[in-house]
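A short worksheet on the structure shown next.
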Amino acid sequence: ASYTVLINALCKTGEMQASRELLNEMMDRGLVPDEVTYTVLIDGFCKKGGSLGALELFNEMVEKGRNPNVMTYTSLIDGMYKADKIEEAGRLFEEMLCKGLVPNELTYSVLINGCVNAENMDEAFRLHDEMVKLGFVPNVVVNNTLINGLCKCGRIPEAIELLKQMRSDGSLPDSVTYTTLIDAYCKTGDLPGALKLWDEMWDNGLIPDVVTYNSLIHGYCIQGRLKEAAKLLGEMVQNGIFPNVNTYNILIHGFCKAGEMQEVTNVLNEMMRRGLEPDHVTYTAIINGHRKAGNFLEALKIQKEMEEILSQSK
RNA sequence: GAAAUGCUAUAU
């Protein structure tokens with residue numbers, strides 16, 4: 001159990017090599033990791049270390065006589081979906097059922113999210129109905145997942161219907177629900193609609209987080225209202241919400257599109273002052289901005305800079 | 001001692 005705690009900690013910080021070594025150390029001492037330990041490591045590999053490693057561990061676990069449980073399968077199925085191995089995910093679900101394991105609410109939310117990302121809303125709703133038939137009451141995560149799927153397919157009116165239904169069903173919307181919808185409105189160019197939801201969110205006592213702010217900042221950028229976007233970033237800091245790399249990437253991309261490369265430099269400096277490192281998204285936005293502005297030399301220069309910095313930090 | 005949902009770039 002204490003090994004599991006350590007392995008889990010290493011997984012959460014993405015140090016998969018070290019956590020795998022810890023598992024080996026355990027076995028060298030003659031201990032056979034139990035299903036919880038394996039599940040923690042499998043989940044870690046799904047999130048950071050690659051889906052192949054996760055599948056290998058799963059096989060290893062079975063060879064060692066450990067029985068994967070519902071959590072093991074749910075983690076692994078989620079990992080397969082996220083690695084776009086949809087067939088493998090489906091196969092694992094079947095296997096799990098064959099072994100007599102009963103899917104729970106989280107299993108269903110993972111399956112539904114997989115369908116959503118494959119833009120298969122029919123299957124997502126089929127699974128939703130199935131879980132209801134089995135006696136589960138879809139929670140806020142399941143509903144948020146469906147709302148996201150509807151939004152991504154351009155079915156915003158139906159997403160709003162679901163929001164209303166959540167209220168009457170007592171599965172109260174949370175800030176993720178609102179952020180999903182705000183983002184969708186922003187992307188269709190309906191900033192006023194997004195702002196209406198923003199107010200409604202506050203009225204319901206919900207507090208925006210960094211993703212909510214990022215979505216709305218993006219909305220202002222899409223409208224070319226860059227000053228207001230930058231102002232909103234200031235507001236979020238005042239409200240005690242710390243911007244992340246995405247926040248700055250959104251704003252930098254906005255200024256790049258507008259050809260305001262001086263502003264880009266200012267924002268980039270502010271980002272680094274906050275201790276945030278530009279990533280490949282930051283760089284591709286800036287390189288593209290310079291190209292669009294016709295400054296190919298600067299674009300090349302930054303590309304070189306990116307290659308150097310990003311190879312070092314690895 | 002373990003698992004699920006929302007945000008960013010990619011010219012021609």
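Being a predicted model, the structure only gives us computed values, none of them experimental. Throughout, a chain's letter reflects where its sequence line sits, starting with A, and its residues are numbered from 1.
Contact annotation for Ser215(A): backbone-only contact, meaning every heavy-atom pair under 4.0 Å involves sugar-phosphate atoms and none involves a base. At a threshold of 4.0 angstrom between heavy atoms, the contacts of Val40(A) are confined to the sugar-phosphate backbone, with no base atom among them. Counting any heavy atom pair closer than 4.0 Å across all strands shown, Leu106(A) reaches a base atom. Counting any heavy atom pair closer than 4.0 Å across all strands shown, Thr37(A) reaches a base atom. Within the nucleic acid shown, Lys257(A) has no heavy atom closer than 4.0 Å to any nucleic acid atom.
Side-chain proximity of Asp78(A) to the nucleotides rU8(B), rG6(B), rA4(B) is greatest for rA4(B). Taking only side-chain atoms of Thr284(A), from C-beta outward, the nucleotide of rU5(B), rC7(B), rA9(B) with the closest atom is rA9(B). Comparing rA9(B), rU5(B), rC7(B) against the side chain of Lys82(A) picks out rU5(B) as the nearest. Side-chain atoms of Asn288(A) lie closest to rA11(B) of the nucleotides rG1(B), rA11(B), rA2(B). Picking from rU5(B), rU8(B), rG1(B) the nucleotide with the shortest atom distance to the side chain of Ala1(A) gives rG1(B). The side chain of Asn246(A) lies closest to rC7(B), out of rG1(B), rA11(B), rC7(B). The side chain of Val36(A) sits closest to rA2(B) out of rC7(B), rA4(B), rA2(B). Distance from the side chain of Asn8(A) is smallest for rA2(B) among the nucleotides rA2(B), rA3(B), rU8(B). The listed nucleotides are rC7(B), rA11(B), rU5(B); the one nearest the side chain of Arg291(A) is rA11(B).
The interatomic distance linking Tyr213(A) (OH) with rG6(B) (C1') rounds to 16 Å, in whole Å. Put simply, CG on Asp209(A) is 12 Å from P on rC7(B), counting in whole angstrom units. In this structure, Leu300(A) atom CG and rA11(B) atom P are separated by 16 Å, rounded to whole Å. Atom-to-atom, CG of Leu233(A) to P of rU8(B) comes out at 16 Å; the value is rounded to the nearest Å. Leu111(A) places its CG atom 12 Å from the C1' atom of rA3(B), with the value rounded to the nearest Å.
A donor-acceptor contact under 3.5 Å is not formed by the side chain of Ser75(A) with the base of rA3(B). No N or O donor and acceptor, one from the side chain of Thr180(A) and one from the base of rG6(B), sit under 3.5 Å apart. Not a single donor-acceptor pair, N or O on each side, falls under 3.5 Å between the base of rG6(B) and the side chain of Asn214(A). No donor-acceptor contact under 3.5 Å links the side chain of Thr145(A) to the base of rG6(B). Taking 3.5 Å as the limit, the base of rA9(B) and the side chain of Asp279(A) contain no donor-acceptor pair of atoms between them. Applying the 3.5 Å distance criterion, the base of rG6(B) shares a donor-acceptor pair with the side chain of Thr212(A).
Classification of Glu308(A) and Lys304(A) as a salt-bridged pair fails, no side-chain N sitting under 4.0 Å from a carboxylate O.
There is no side-chain donor-acceptor pair under 3.5 Å between Ser175(A) and Asp209(A). With 3.5 Å as the limit, one finds a donor-acceptor pair spanning the side chains of Asn214(A) and Asn244(A). Side-chain contact annotation: Arg20(A) with Asn24(A), donor-acceptor N/O pair under 3.5 Å present.
Using a 30° and 60° split on the angle between ring planes, Phe136(A) and Tyr108(A) fall in the tilted class, from 30° to 60°.
Here the side chain of Asn204(A) pairs a donor or acceptor atom with the backbone of Glu200(A) at under 3.5 angstrom.
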